[in-house]
Amino acid sequence: MNNLHVKTGDTVVILSGKDKGKQGKVLQVSPKEKKVIVEGLNMVTKHVKPRRQGEAGGIVKAEAAMYASKVMAVCPGCGKPTKAGHKLVTEGDKTKSIRVCKNDGCGKEF
């Protein structure tokens, strides 16, 4: 199984590297590679060649993938970085697992 602790759309905080302490939204998740792309963080410069006649090339800034172990989810309720706890919820005859905040006194789902 290639499950990660963050999902697309989660707000995360960077734990290490040049953007340590900054927050951003997860744009893309790659469970197979165990990497995530965070909006506006881990920016790199790419040299892009023009592909068609009349199209401009040049140097473009873009977000690079980073290992998911370098990010931690931020709880929308208390606004603090947290590990995701799991809670089973039954709706009718179906049981599903939801992620909850593990910070003291919060317990809000995200």
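- If you chain together ILVMFWY residues whose side-chain heavy atoms come under 4.5 Å of each other, V89 ends up grouped with I98, V100.
- We find that K70 and D19 are not joined by a salt bridge, their nearest charged nitrogen and carboxylate oxygen being 4.0 Å or further apart.
- With respect to V74, the side-chain contact (heavy atoms from CB on, under 4.5 Å) criterion is satisfied by exactly one of Q23, K80, K25: Q23.
- Side chain of K83 to main chain of C101: no donor-acceptor pair is present (N/O by atom type, distance under 3.5 Å, no hydrogens or angles).
- Rounding to the nearest 0.5 Å places CG of D10 at 13.0 Å from CE of M72.
- To the nearest 0.5 Å, the span separating NZ on K108 from SG on C78 amounts to 9.5 Å.
- Looking at residues two or more places apart in sequence or on another chain, you find no side-chain hydrogen bond (donor to acceptor under 3.5 Å, both in side chains) involving N103.
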K7 vs V36, side chain to side chain contact (heavy atoms under 4.5 Å, CB included): CA-CA, chis, key distance, verdict: CA-CA 9 Å; K7 295 181 180 182; V36 294; over 6 Å; no
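- Nearest heavy atom pair, residue S69 against residue L15, reads O-CD1, 4.0 Å.
- For K32, the NZ atom is loosely surrounded, since the number of other residues' heavy atoms within 6.0 Å does not exceed 12.
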Verdict with supporting geometry, V38 and M66, side chain to side chain contact (heavy atoms under 4.5 Å, CB included): CA-CA 8 Å; V38 182; M66 63 186 341; 4.2 Å; yes
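- Considering all non-hydrogen atoms of both residues, A56 and P50 come closest at C-CB, 4.2 Å.
- The two residues E33 and Y67 have their closest heavy-atom pair at O-CE2, 4.0 Å.
- In this structure the side chain of K34 reaches within 4.5 angstrom of the side chain of L4, judged on heavy atoms.
- When every heavy atom of P31 is checked against every heavy atom of V29, the shortest pair comes out as CD-O, 3.5 Å.
- Residue K22 is tested with L41, N42, V13, V12 for a side-chain contact (heavy atoms from CB on, under 4.5 Å); the sole match is L41.
- When every heavy atom of K102 is checked against every heavy atom of A84, the shortest pair comes out as CD-C, 4.1 Å.
- Using a 4.0 Å cut-off between charged side-chain N and carboxylate O, K94 and E91 make no salt bridge.
- Residues satisfying the side chain to side chain contact (heavy atoms under 4.5 Å, CB included) test with V60, not counting sequence neighbours, are V48.
- In this structure a side-chain-to-backbone donor-acceptor pair under 3.5 Å is present from E63 to G40.
- Between the NZ atom of K18 and the CE atom of M43 there is a distance of 9.0 Å, given to the nearest 0.5 Å.
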Go through H5 and V71 one step at a time and tell me if the side chain to side chain contact (heavy atoms under 4.5 Å, CB included) criterion holds. CA-CA 9 Å; H5 63 283; V71 300; 4.3 Å; yes
